[in-house]
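Down below is the structure, laid out as structure tokens.
Residues: numbered from 1 along the sequence shown. Model, not experiment: these values are computed from the prediction.
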Amino acid sequence: MQWTFSVGWLFGGLAIAVVGGLIVVFYRQIADEFFGGVTKYDKVKLWGIIIAILGFICMANLHSLLLYFIFHLIMPNVFPYLLMPIV
């Protein structure tokens, strides 16, 4: 499987990374409003960081490559045939 650049995924990943960054910046307000306070501050910040990292992975269009490797580890004999075109 080859890596290819996609402008659509660049902007989509940028939007996901911005949302994750906003969650990290405003984690206190989000935790207070949605989760009930101080005990969830670290969890909300962690989820914001995870979302931002996933956004950067999508920006680089590496998500399909990573999913391919994960599915290939789970089903090594079946998965390559799923990608072949039907003739």
Checklist outcome for this item: With sequence neighbours left out, the residues meeting side-chain contact (heavy atoms from CB on, under 4.5 Å) with F35 are I30, K40, V44

Next on the checklist: Can you pull out every side-chain hydrogen bond (donor to acceptor under 3.5 Å, both in side chains) where at least one residue sits in residues 12-36? Sequence neighbours excluded, please.
Outcome noted: D32-Y41

Next on the checklist: Using the side-chain contact (heavy atoms from CB on, under 4.5 Å) criterion, which residues pair with L10? Sequence neighbours excluded.
Outcome noted: F5, M59

Checklist entry - Any idea which heavy atoms bring G21 and A52 closest together, and the distance? => result N-CB, 4.3 Å

Checklist entry - Does L22 have any side-chain contact (heavy atoms from CB on, under 4.5 Å) partners at least two apart in sequence or in another chain, and if so, which? => result V18, F26

Item to check | Minimum-distance pair of heavy atoms, taken over all atoms of C58 and I16 | outcome: SG-CD1, 4.4 Å

Item to check | same_hphob_cluster(L65, I53) at 4.5 Å side-chain heavy-atom cutoff | outcome: yes

Next on the checklist: To check you understand the geometry: which heavy-atom pair defines the closest contact between G48 and V24, and what is its length?
Outcome noted: C-CG2, 3.5 Å

Next on the checklist: To the closest 0.5 Å, what do you measure between CZ (F71) and CD1 (I74)?
Outcome noted: 6.0 Å

Item to check | Rounded distance (nearest 0.5 Å) linking atom CD1 of I49 with atom CG of L54 | outcome: 12.0 Å

Next on the checklist: What's the separation between atom CD1 in I51 and atom CD1 in I23, rounded to the nearest 0.5 Å?
Outcome noted: 4.0 Å

Next on the checklist: Using the rule that Ile, Leu, Val, Met, Phe, Trp and Tyr join whenever any side-chain heavy atoms are under 4.5 Å apart, tell me whether I57 and L14 fall into a single cluster.
Outcome noted: yes

Item to check | L73 reachable from L67 in the ILVMFWY side-chain graph, under 4.5 Å edges | outcome: no

